[in-house]
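For the numbers below, each heavy atom of this structure counts, side chains included, while hydrogens, waters and symmetry mates do not. Numbers here simply count residues along the sequence, with the first being 1.
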Amino acid sequence: MVFKRLLGAIGVDGPSVDTVLDHGAVPPGGVLSGQVHLRGGGSAVDVEHIALELVARVETEHEEGENEGFVVFERYVVGGAFRLGEEARYSVPFQVTLPWETPVSELYGQQLGIVLGVRTELAVSGARDKGDLDPLAVRPLPVQEAILEALGQLGFGFRSADLERGRIGGTDQRLPFYQEIELTPAPQYAHAVDEIEVTFLTGFDRTEVILEADRRGGLFSEGHDALVRFTVGHDGAAHRDWNTEVDGWIRQLVEHRTAHGTGAGYGHGDPYGHGDPYAGGYKDDSYGGGHGYDEHGRHDRHHDEHHRSGPGLGTAVAAGAAGLAVGVVGGLVAAEVVDEIGDFFEGDDDEGGDDED
């Protein structure tokens, strides 16, 4: 067991903490469980609370370019109000529920390249310090996996995944960022689009699927983006013909002639049907602050003319023409990006030194 001593406000001789998450990826809305192990320092202390924060590395785009930073998107108090004796050991088991909009970090066991983590905060005798940071693995819900697999079987390939700070207008988005899964076009659509981006905004009983196409320009016309949105219920996902349904979505997206950026909201329609796919959609910078979110450096994404985000920090899988199904996503992995994720968490653990036991 590796304990990380909290060196900041609590002091060099303060307690050490080691948070251990139970094995296995957790879906959005699922239960994350584990234990926080504490070891007392050189003197007894009063532990006021133990908190867990969910953090994500998010891209922010602005006029000068883009940068990356961490956003806290959920916080839980899992223990506290006890005295930790000198060199004493104490464990706190926990079970917490992930937000429904938690991004997906892996597909069929392969990392998609986004960075999610669980950070432990310990409040002792009036001082707070944040120590242990552990990687968080999130797998897709069945409906998300079915849609991605259908895209793969239709011939789309995985390009990258990233988290963008901002809000998708006209939706019920709750987190201060959204995930984009960028796909290379299937051969039958390559003449019309350069790239398709998929975003899932998930609730407890339904998922909004936002599709955005980076459209190719013609000889006498410029390219532009188009957005459409569909809402699907979670029940009965295993009994739908997803290939036919998703292919219909893509056809509507490709045929959608409304230029991106009209400022109109999405149509909602039947919450378990398609809604109005032709209602204009937009991604804007109107997202305000929210309780419990890290407000440092908050900026939001503009999709202006010709302003596209290329493969960012999230490029983890190099997919072939066969798409996103098991054989492809499980195939070629950009090892340098996976190593970058591992090095990040290892680097965090190295800060301040570790005590092995």
Side-chain angles (χ1 to χ4, degrees), residues 1-26 30-58 68-99 102 105 114-138 291-297 339-357:
M1 185 177 295
V2 177
F3 285 88
K4 178 170 181 177
R5 190 172 298 279
L6 302 177
L7 301 176
I10 293 176
V12 174
D13 201 25
S16 301
V17 62
D18 179 39
T19 299
V20 179
L21 305 179
D22 289 344
H23 294 295
V26 181
V31 175
L32 176 69
S33 59
Q35 295 196 57
V36 179
H37 301 292
L38 300 174
R39 186 171 70 184
S43 59
V45 295
D46 293 317
V47 176
E48 297 173 359
H49 72 250
I50 303 168
L52 302 178
E53 294 179 339
L54 304 184
V55 299
R57 190 164 69 173
V58 177
E68 298 174 355
F70 279 89
V71 172
V72 177
F73 64 96
E74 189 57 280
R75 188 174 186 273
Y76 317 88
V77 176
V78 297
F82 62 90
R83 188 167 182 80
L84 183 66
E86 178 183 350
E87 299 296 333
R89 295 173 181 262
Y90 191 86
S91 295
V92 178
F94 63 84
Q95 288 188 329
V96 298
T97 302
L98 297 184
T102 301
S105 67
I114 67 171
V115 176
L116 300 176
V118 179
R119 188 183 296 278
T120 307
E121 176 187 275
L122 187 65
V124 171
S125 302
R128 297 184 182 185
D129 212 337
K130 297 178 182 180
D132 202 26
L133 181 66
D134 298 276
L136 172 62
V138 180
H291 176 70
Y293 297 140
D294 182 0
E295 298 295 321
H296 177 69
D339 289 342
E340 176 191 354
I341 297 173
D343 292 344
F344 168 79
F345 286 104
E346 292 175 4
D348 179 86
D349 290 342
D350 289 342
E351 293 177 6
D354 292 337
D355 300 325
E356 294 191 11
D357 185 53

Between Leu21, Val96, Asp22, which is the residue that forms a side chain to side chain contact (heavy atoms under 4.5 Å, CB included) with Ser33?
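Passing option: Asp22.
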
Taking Leu122 as the fixed residue, which of Val45, Ile50, Leu84 is the one that meets the side chain to side chain contact (heavy atoms under 4.5 Å, CB included) rule?
Ile50

Between [X] and [Y], what is the shortest heavy-atom contact and its length?
X: Glu86; Y: Gly42; answer: CD-O, 3.3 Å
X: His37; Y: Ser91; answer: ND1-OG, 2.6 Å
X: Val115; Y: Phe70; answer: CG1-CE2, 4.2 Å

If you round to the nearest 0.5 Å, how far is [atom2] of [Y] from [atom1] of [X]?
X: Asp134; Y: Leu116; atom1: CG; atom2: CG; result: 13.0 Å
X: Arg75; Y: Leu52; atom1: CZ; atom2: CG; result: 9.5 Å
X: Glu53; Y: Glu74; atom1: CD; atom2: CD; result: 10.0 Å

Contact check, side chains of Leu54 and Val118, non-hydrogen atoms, under 4.5 Å
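A side-chain contact under 4.5 Å exists here.
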
With a 4.5 Å cut-off on side-chain heavy atoms, are Val47 and Pro15 touching?
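Side chain of Pro15 against side chain of Val47, heavy atoms only: no contact under 4.5 Å found.
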
Side chain of Tyr76, backbone of Thr97: donor and acceptor closer than 3.5 Å?
yes

Can you check whether Val138's main-chain N or O pairs, donor with acceptor, with Ser105's side chain at less than 3.5 Å?
yes

